[in-house]
Amino acid sequence: MRDFSADHRWLSINTATVRKQRGQDWPLPQILDACAARGIRAVSPWRDQVAAAGLDAVARQLRALGLELSGYCRGGMFTYADAAGRQASRDDNRRALDEACTLGAPCLVLVVGGLPGALAGRPAHRDLGAARAQVTEGIAALLEDARERRMPLAIEPLHPMYAGDRACINTLEQALDVCDMLDPRRSGALGVAVDAYHVWWDPKLAAQIERAGQERLLALHVCDWLVPTADLLNDRGMMGDGVIDLPRLRGWVEAQGFAGYSEVEIFSAANWWQRDGGEVLDTCIERHRRCV
Ligand code: ZN
């Protein structure tokens with residue numbers, strides 16, 4: 001297992017971690033500058049942040065700063081209530097793929113969607129099985145586009161508390177079942193993003209990481225699980241402040257040959273988003289050395 005204690009060579013910042021500090025948007029170009037100034041070598045930006053700054057401008061800035069991507073957030077949301085919804089999802093995912101290519105991302109991260117309409121507060125039905133079937137169908141279609149562009153797809157299982165509205169793939173086992181069905185040759189075109197926040201509780205986690213193997217382990221996201229957690233979406237903890245055994249998890253992933261970035265992804269409305277962005281980045285560096 002790699003020693004992270006001496007430097008932050010393998011730290012990446014998911015830019016949602018510092019997207020809105022003290023109520024003010026922190027624009028992506030400034031986040032990138034602040035990361036580069038601290039010797040952070042990789043980021044994972046969100047599509048809305050990239051759109052606000054301009055895709056080509058962001059690509060140029062990344063190159064000028066020598067910043068790599070550890071992923072691109074995000075594609076997915078495959079579930080739909082009607083034919084128009086299905087087409088809109090396909091079109092949007094193709095655009096996400098193209099953006100990921102322009103930015104030189106190693107993979108497009110997929111948050112697959114829950115019951116159609118639920119995120120907007122109007123679920124079209126209660127058939128989670130049907131939603132899951134639509135997700136598999138959507139990933140199968142996108143996989144063809146992804147292969148053409150040589151852009152790997154990383155399915156991110158989300159904690160089961162999000163099954164209704166955000167993602168009906170909720171365990172690594174479920175994600176890997178989809179991978180095995182759609183990419184049985186383990187070509188590298190389809191894999192998973194392992195986010196500690198979503199999967200740390202799973203009794204099958206170690207076995208499923210081993211099942212995934214190097215070809216399917218495309219991204220590692222870290223933060224911590226606070227006890228208690230006050231908000232289901234926006235109360236993620238800084239590494240070291242909660243109950244996830246992050247070194248153990250990283251050890252399992254690296255035992256399979258994963259040698260990529262550990263990407264810090266913290267949504268924290270009441271704590272870390274209330275601080276100066278530079279302070280948050282400095283804390284990420286320090287905790288990455290000591291707690292990941
Ligand atoms: Zn994540």
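Not measured: the values here are computed from a predicted model.
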When you look at Arg74 and Glu156, which way does the salt bridge (charged side-chain N to carboxylate O under 4.0 Å, His left out) test go after all the steps?
CA-CA 10 Å; Arg74 55 177 165 63; Glu156 181 165 345; over 6 Å; no
Indicate if Leu55 and Leu65 have the same hydrophobic cluster label, given that clusters are the connected sets of ILVMFWY residues with side-chain heavy-atom separations under 4.5 angstrom.
yes
Please list, chain by chain and in numerical order, all residues satisfying salt bridge (charged side-chain N to carboxylate O under 4.0 Å, His left out) with Glu263, sequence neighbours excluded.
none
Does Ser89 reach the main-chain N or O of Gly85 with its side chain, forming a donor-acceptor pair under 3.5 Å?
no
Acceptor/donor pairs from residues 33-42 side chains to any protein atom, 3.5 angstrom cut, sequence neighbours excluded:
residue	atom	partner	partner atom	Å
Asp33	OD1	Gln61	NE2	3.2
Arg38	NE	Asp282	OD1	2.6
Arg38	NH1	Ala34	O	3.1
Arg41	NE	Arg9	O	3.4
Arg41	NH2	Tyr261	OH	3.0

For Asp7, does its backbone N or O pair with a side-chain atom of Trp10 as donor and acceptor, under 3.5 Å?
no
Working to the nearest 0.5 angstrom, can you tell me the gap between Phe4 CZ and Ile285 CD1?
13.5 Å
How many angstroms lie between SG in Cys291 and CG in Asp224, if you round to the nearest 0.5 Å?
8.0 Å
Across all chains, not counting sequence neighbours, the side chain to side chain contact (heavy atoms under 4.5 Å, CB included) partners of Arg63 are Ala59, Arg60
Are there over 12 heavy-atom neighbours, none belonging to Arg275, within less than 6.0 Å of that residue's CZ?
yes
Residues which pass side chain to side chain donor-acceptor pair (under 3.5 Å) with Ser187, listed by chain and number, not counting sequence neighbours
Arg147, Asp183
Is any side-chain N of the basic residue among Asp180 and Arg211 closer than 4.0 Å to the acidic one's carboxylate O?
yes
Treating Glu173 as the side-chain partner and Gln208 as the backbone partner, does any N or O pair qualify as donor plus acceptor under 3.5 Å?
no
Which pairs would a plain distance check flag for residues 164-172, meaning a side-chain donor or acceptor within less than 3.5 Å of a matching protein atom at least two apart in sequence or in another chain?
residue	atom	partner	partner atom	Å
Asn170	OD1	Arg132	NH2	2.8
Asn170	ND2	Leu158	O	3.1
Asn170	ND2	Ala167	O	2.9
Thr171	OG1	Gln174	N	3.1

Of all heavy-atom pairs linking Leu32 and Leu67, the shortest is O-CD1, 3.8 Å
Check whether any side-chain heavy atom of Cys284 lies under 4.5 Å from a side-chain heavy atom of Ile13, and answer yes or no.
yes
Side-chain heavy atoms of Val192 within contact of Leu218, under 4.5 Å:
no
Assess the residue pair Tyr197 and His221 against the criterion (ring pair (Phe, Tyr, Trp, His ring centres under 6.0 Å)); give the C-alpha distance rounded to whole Å, side-chain angles, the decisive distance to 0.1 Å, and a yes or no.
CA-CA 8 Å; Tyr197 187 76; His221 300 173; over 10 Å; no
Quick check on side-chain hydrogen bond (donor to acceptor under 3.5 Å, both in side chains): which of Thr17, Asp231, Asp195 does Arg236 satisfy it with?
Asp195
Approximate separation, where rounding is to 0.5 Å, of Arg19 CZ and Ile31 CD1:
8.0 Å
Using the test side chain to side chain contact (heavy atoms under 4.5 Å, CB included), find all partners of Asp82 that sit at least two apart in sequence or belong to another chain.
Ala84
Quick test of your reading of the model: are Asp98 and Arg95 salt-bridged, counting only N-O distances below 4.0 Å?
no
Smallest separation among heavy atoms of Leu69 and Gly104, with atom names
CB-O, 4.5 Å
Does the side chain of Ile155 reach to within under 4.5 Å of the side chain of Cys179, using non-hydrogen atoms?
yes
Does Ala269 offer a backbone N or O that forms a donor-acceptor pair with the side chain of Asn234 under 3.5 Å?
no
Minimum-distance pair of heavy atoms, taken over all atoms of Leu182 and Thr136:
CD1-O, 3.8 Å
Set of residues satisfying side chain to side chain contact (heavy atoms under 4.5 Å, CB included) with respect to Arg290, sequence neighbours excluded
Glu286, Arg287
Side chain Asp25, main chain Lys20, donor-acceptor under 3.5 Å:
no
How far does CH2 of Trp252 sit from CG of Leu220, to the nearest 0.5 angstrom?
12.5 Å
Only counting residues at least two apart or in another chain, list the ones meeting side chain to side chain donor-acceptor pair (under 3.5 Å) with Arg47.
Asp92, Glu99
Just to verify, what does Trp46 make a side chain to side chain donor-acceptor pair (under 3.5 Å) with, not counting sequence neighbours?
Asn14
Is the shortest heavy-atom distance from the side chain of Arg2 to the side chain of Arg250 under 4.5 Å?
yes
Holding to side chain to side chain contact (heavy atoms under 4.5 Å, CB included), I want the full list of residues that pass it with Gln134, two or more places apart in sequence or in another chain.
Thr79, Tyr80
Shared hydrophobic cluster for Leu103 and Leu142 (ILVMFWY, side-chain gaps under 4.5 Å)
yes
Mind listing the closest non-hydrogen atom pair of Ala131 and Gly114 along with its distance?
CB-O, 3.9 Å
Under the side chain to side chain donor-acceptor pair (under 3.5 Å) test, which residues partner Asp202, sequence neighbours left out?
none
I'd like to know if the side chain of Arg150 reaches the main chain of Ala146, judged simply by a donor and an acceptor atom lying under 3.5 Å from each other, with no hydrogens or angles considered.
no
Sidechain-backbone polar pair: Gln49 side chain, Thr15 backbone, donor-acceptor under 3.5 Å
yes
Smallest separation among heavy atoms of Tyr162 and Leu233, with atom names:
OH-CA, 3.5 Å
Centroid separation under 6.0 Å, is that true for the rings of Trp225 and His159?
yes
Rounding to 0.5 Å, atoms SG (Cys223) and CG (Asp241) come to a distance of 10.5 Å
Which distance, rounded to the nearest 0.5 Å, do you find between the CZ of Arg86 and the CG of Asp91?
11.5 Å
Taking all heavy atoms of Val18 and all of Trp273, pick out the closest pair and write down the distance.
N-NE1, 4.4 Å
Is there a donor-acceptor contact under 3.5 Å from the side chain of Arg186 to the main chain of Ala212?
yes
Expected list for residues 118-128: side-chain donor-acceptor pairs under 3.5 angstrom, two or more places apart:
residue	atom	partner	partner atom	Å
His125	ND1	Asp127	N	2.9
Asp127	OD1	Gly129	N	3.2
Asp127	OD1	Ala130	N	3.0

